[in-house]
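This report refers to the structure that appears directly beneath it.
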Amino acid sequence: MMMKRNEKGVIFPMTVMFSFLFCLAVFHALELYETEMQLADYVRQSSDVDSLMQMAVVDVKAQIAASAPGKQSGKGTFTYPNGTVQYDWKQGTQNDIKVTLIAISSEGIRYSAEFTISFPSLQLIEWKETYS
């Protein structure tokens with residue numbers, strides 16, 4: 001077969017250009033994958049700190065119910081497998097108690113909230129997240 005003179009050397013530059021574009025697409029996909037993995041890890045950590053907060057609310061209610069009658073306040077720390085929660089409660093009026101919780105997950109995510117519960121039924125009345 002005879003090759004025309006003006007086609008000589010065209011295939012190699014085109015191959016290099018398509019290879020370069022293919023490599024760019026692969027690197028872009030890897031960047032997207034890394035971002036998705038970071039997001040999934042953050043969602044998991046947020047879920048952990050949210051479960052810490054839910055467990056602490058139940059335990060604080062039990063702590064208040066078990067406290068000596070007439071006790072006006074209390075504070076302490078709960079330790080769970082995935083983090084710790086510090087609590088502080090004070091009786092507001094005769095019928096409500098204000099509680100402050102600070103949850104810190106084992107990964108270091110911090111979440112704090114204040115809530116009010118009725119007394120003596122220990123029903124949640126108000127919930128307010130605080131950011132620090």
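- Clustering of Ile, Leu, Val, Met, Phe, Trp and Tyr side chains at separations under 4.5 Å places V16 together with F12.
- Listed by first and then second residue, the salt bridge (charged side-chain N to carboxylate O under 4.0 Å, His left out) pairs involving residues 84-94 amount to none (not counting sequence neighbours).
- Membership of the apolar cluster around Y33 extends to M37, as traced through chained side-chain contacts below 4.5 Å between ILVMFWY residues.
- Sorted by first then second residue, the salt bridge (charged side-chain N to carboxylate O under 4.0 Å, His left out) pairs that include residues 37-60, not counting sequence neighbours, are D41-R44, R44-D48, R44-E107.
- Legend: residues meeting side chain to side chain contact (heavy atoms under 4.5 Å, CB included) with S121, ordered by chain and number and at least two apart, are S118, Q123.
- The cluster map of Ile, Leu, Val, Met, Phe, Trp and Tyr, joined by side-chain heavy atoms under 4.5 Å apart, puts Y42 and M53 in the same cluster.
- Residues meeting the side chain to side chain contact (heavy atoms under 4.5 Å, CB included) test with Q38, sequence neighbours left out: E34.
- By the side chain to side chain contact (heavy atoms under 4.5 Å, CB included) test, S19 is found to be paired with T15, residues two or more places apart in sequence or in another chain being considered.
- Members clustered with I104: I102, by chain and number, using a 4.5 Å side-chain heavy-atom cutoff among hydrophobic residues.
- Atom CE of M14 has 12 or fewer heavy atoms from other residues, nucleotides or ligands within 6.0 Å.
- In this structure S106 satisfies the side-chain hydrogen bond (donor to acceptor under 3.5 Å, both in side chains) test with no other residue, sequence neighbours excluded.
- Partner of V60 under the side-chain contact (heavy atoms from CB on, under 4.5 Å) criterion, chosen from I97, V99, L122, V85: V99.
- Residue V26 shares its hydrophobic cluster (ILVMFWY side chains chained together at separations under 4.5 Å) with F22, F27, L30.
- Among Y87, W89, W127, the one residue that satisfies the ring-ring contact (aromatic ring centres under 6.0 Å, His included) test with F115 is W127.
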